[in-house]
Amino acid sequence: MIDSLAIGRFDGIHLGHRALFERLTKDGAILAIETGRSNLTPPEFIDKYVDKKLVFYRLEEIKDLDALGFLKKLKIYLKEGTFEPLSIV
């Protein structure tokens with residue numbers, strides 16, 4: 001069961017991102033928001049640099065959610081382990 005979550009664009013896996021990921025628990029996960037813009041580390045390579053469950057959401061699919069809608073989506077994921085992601089690595 002996921003008990004900590006880092007949420008962000010994570011367009012490049014640099015020292016700041018790595019420091020954030022190190023704060024995740026053993027059962028933590030990373031939710032990366034994919035914008036379709038250029039990335040220092042392309043999404044298909046991020047999993048090579050992290051040792052946590054990695055999930056992507058397309059910005060276009062979530063940008064119109066209000067805060068409660070986004071939290072509801074996260075709550076469902078955290079409770080049931082189900083996501084509607086672009087991909088899970």
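Note that the coordinates shown come from a computational prediction; the quantities given were computed from them, not determined experimentally.
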Using every non-hydrogen atom in the two residues, find where [X] and [Y] come nearest and quote the distance to one decimal.
X   : Y   : value
I2  : A29 : CD1-CB, 3.6 Å
L54 : A32 : CD1-CB, 4.4 Å
A6  : L24 : N-CD2, 3.7 Å

Spatial distance of atom [atom1] ([X]) from atom [atom2] ([Y]) [nearest 0.5 Å]:
X   : Y   : atom1 : atom2 : value
F21 : F10 : CZ    : CZ    : 4.5 Å
D64 : L59 : CG    : CG    : 9.0 Å
D27 : K52 : CG    : NZ    : 8.0 Å
K53 : L5  : NZ    : CG    : 10.5 Å
K26 : D51 : NZ    : CG    : 11.5 Å

By salt bridge (Lys or Arg N to Asp or Glu O under 4.0 Å) - contacts of E22 (at least two apart): none
Checking side chain to side chain contact (heavy atoms under 4.5 Å, CB included) between I7 and each of L31, I30, V55, which is the one that passes?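 Answer to the side chain to side chain contact (heavy atoms under 4.5 Å, CB included) test with I7 among L31, I30, V55: L31.
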